[in-house]
Amino acid sequence: MPGPPPAPRRAGGPGGSPGGPVGGLVGGLVGFNAAPPAEAVALLLSCCHSLRWAERVAAHRPYPTVDALLAAADEAGYDLSRADLDGALAAESSALPHPDAPPAARTALRAAHAAYESSFGHAFVISLDGVRPGERLDQVLAGIRSRLGNEPEEERVIAAEELRRLARARLAFRLAEGLTPRRPGA
C-alpha cells in the first residue's frame, strides 16, 4: 500500500529542530517531545494502529534526535504481541490506485487485494518508501503476487516487517509535516 511521499529523516534542521506552529503544536521532534501524552499517542496511532506500540513510544519521550525516535518505534514494533499485530493489521486498508491508472490496472489491483485479503484476513501492507510514484502500482501488484504463495506464518512475519517500515515512514513524514495526525491508512 502506498506510503507517504519520501520525507526527510530529520524534521527541520539537524537534530530534528522544530518547524513552525501547526494546529496549536510546535512541529517536529521538539513538538512531539512536548506534546501532552494523549496527543503524542494519537499521532503515533495515525502511524500504526497499536495502542501498546503508541503508548510505549510516547512513554519514552523525550527523544534526543529523530533517529532515536525512529529506532524506538522500530524496537517497539518488534515487540508487538500477536493480538497487537492483528489489531494493527486489521486497521490497515487496501490502497487505491491513482485515479489516472488505466481501468485494467485498477481491476487487477482490486482482484489482487481481494485474493490477498481472502487468504490472509487483512489488507496487504507494503512500504513503498523510496519507490517513485510511477512505479508504485507495479510494486504493489508484484508484491501481492509474490506473497500470495506464502504460508500464513511466513506472511505474518513479512507483513509485520512491512508494517514496521510503514510506521517508521509515516512517523518521519508526520514529524516533517508538523505533527498533523492522519488516519492509519493515510
Side-chain angles (χ1 to χ4, degrees), residues 1-7 32 39-58 69-99 101 105-133 135-177 179-186:
M1 81 184 332
F32 176 75
E39 289 180 23
V41 168
L43 172 84
L44 291 163
L45 284 171
S46 75
C47 300
C48 176
H49 199 77
S50 165
L51 184 59
R52 179 177 177 218
W53 176 85
E55 288 177 341
R56 179 174 172 190
V57 174
L69 169 58
L70 296 176
D74 284 344
E75 183 180 328
Y78 284 110
D79 291 340
L80 290 179
S81 70
R82 186 173 196 88
D84 293 328
L85 181 58
D86 287 345
L89 288 171
E92 293 292 326
S93 60
S94 297
L96 300 173
H98 191 276
R106 290 194 303 268
T107 299
L109 186 59
R110 278 194 304 273
H113 277 301
Y116 181 91
E117 290 174 22
S118 175
S119 294
F120 299 110
H122 59 82
F124 177 73
V125 291
I126 187 169
S127 174
L128 298 172
D129 196 32
V131 176
R132 292 191 325 230
E135 298 173 357
R136 290 181 178 186
L137 177 61
D138 290 338
Q139 189 78 20
V140 171
L141 284 170
I144 292 173
R145 288 184 188 126
S146 71
R147 289 167 51 186
L148 269 173
N150 291 343
E151 293 296 321
E153 281 307 308
E154 178 185 12
E155 180 55 25
R156 181 177 192 75
V157 170
I158 294 169
E161 179 59 28
E162 291 296 326
L163 186 65
R164 279 188 292 276
R165 292 178 61 212
L166 270 173
R168 179 186 180 93
R170 288 171 178 163
L171 181 54
F173 183 71
R174 301 293 185 258
L175 290 171
E177 71 175 352
L179 299 178
T180 305
R182 300 277 192 258
R183 63 179 177 73

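Numbers here simply count residues along the sequence, with the first being 1.
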| request: Using atom types as modelled and distance alone, determine if a side-chain donor or acceptor of Arg106 lies under 3.5 Å from a backbone N or O of Ala101. | output: yes
| query | Are any of the side-chain heavy atoms of Ile158 and Glu154 separated by less than 4.5 Å? | reply | yes
| query | Quick one: does Ser118's side chain have a donor or acceptor within less than 3.5 Å of a partner on Ala114's backbone? | reply | no
| query | Are Arg168 and Asp74 ion-paired here, with the side-chain N under 4.0 Å from a carboxylate O? | reply | yes
| task | Please examine the side chains of Arg164 and Leu80, heavy atoms only from C-beta on, and report whether any two atoms are closer than 4.5 Å. | result | no
| message | Using only atom types and a distance under 3.5 Å, with no angle test, would you say the side chain of Arg52 pairs donor to acceptor with the backbone of Asp79? | response | yes
| Gap between atom CG of Leu171 and atom SG of Cys48 - 0.5 Å precision | 10.5 Å
| What pair of heavy atoms forms the shortest contact from Val57 to Ala73, and how long is it? | CG2-CA, 3.8 Å
| query | Just how far is it from atom CD of Glu162 to atom CG of Asp129, taken to the nearest 0.5 Å? | reply | 11.0 Å
| said: I need the Tyr78 OH to Glu161 CD distance, nearest 0.5 Å. | reply: 4.0 Å
| request: Kindly say whether Ala123 contributes a backbone atom to a donor-acceptor pair with the side chain of Glu117 at under 3.5 angstrom? | output: no
| Minimum heavy-atom separation for Ala58 to Leu44, with atom names? | N-CD1, 3.6 Å
| Quick check: does any side chain N or O of Arg156 sit under 3.5 Å from a backbone N or O of Arg82, one acting as donor and the other as acceptor? | yes
| message | Give me the atom names and distance for the closest heavy-atom approach of Arg170 to Cys47. | response | NH1-O, 3.1 Å
| Minimal non-hydrogen separation, Glu155 against Phe120, with atom names | CB-CE2, 3.5 Å
| task | For residues Ala76 and Arg56, report the shortest heavy-atom separation together with the two atoms involved. | result | CA-NH1, 3.6 Å
| Can Arg132 and Asp138 be counted as an ion pair, charged N to O under 4.0 angstrom? | no
| said: Please give me the minimum heavy-atom distance between Leu141 and Ala112, naming the atom from each residue. | reply: CD2-CB, 4.0 Å
| request: Measure the shortest side-chain to side-chain distance between Phe32 and Arg174 over non-hydrogen atoms and say whether it is less than 4.5 angstrom. | output: no
| request: Enter the distance from Ile144:CD1 to Ile126:CD1 here, rounded to the nearest 0.5 Å. | output: 8.0 Å
| message | With rounding to the nearest 0.5 angstrom, report the OH to CG distance, Tyr116 to Asn150. | response | 8.0 Å
| query | Below 4.5 Å, heavy atoms only, C-beta onward: do Leu96 and Leu109 meet side chain to side chain? | reply | no
| Approximate separation, where rounding is to 0.5 Å, of Leu128 CG and Gln139 CD | 6.5 Å
| request: State, with a plain yes or no, whether a side-chain heavy atom of Phe124 is found less than 4.5 Å away from one of Glu92. | output: no
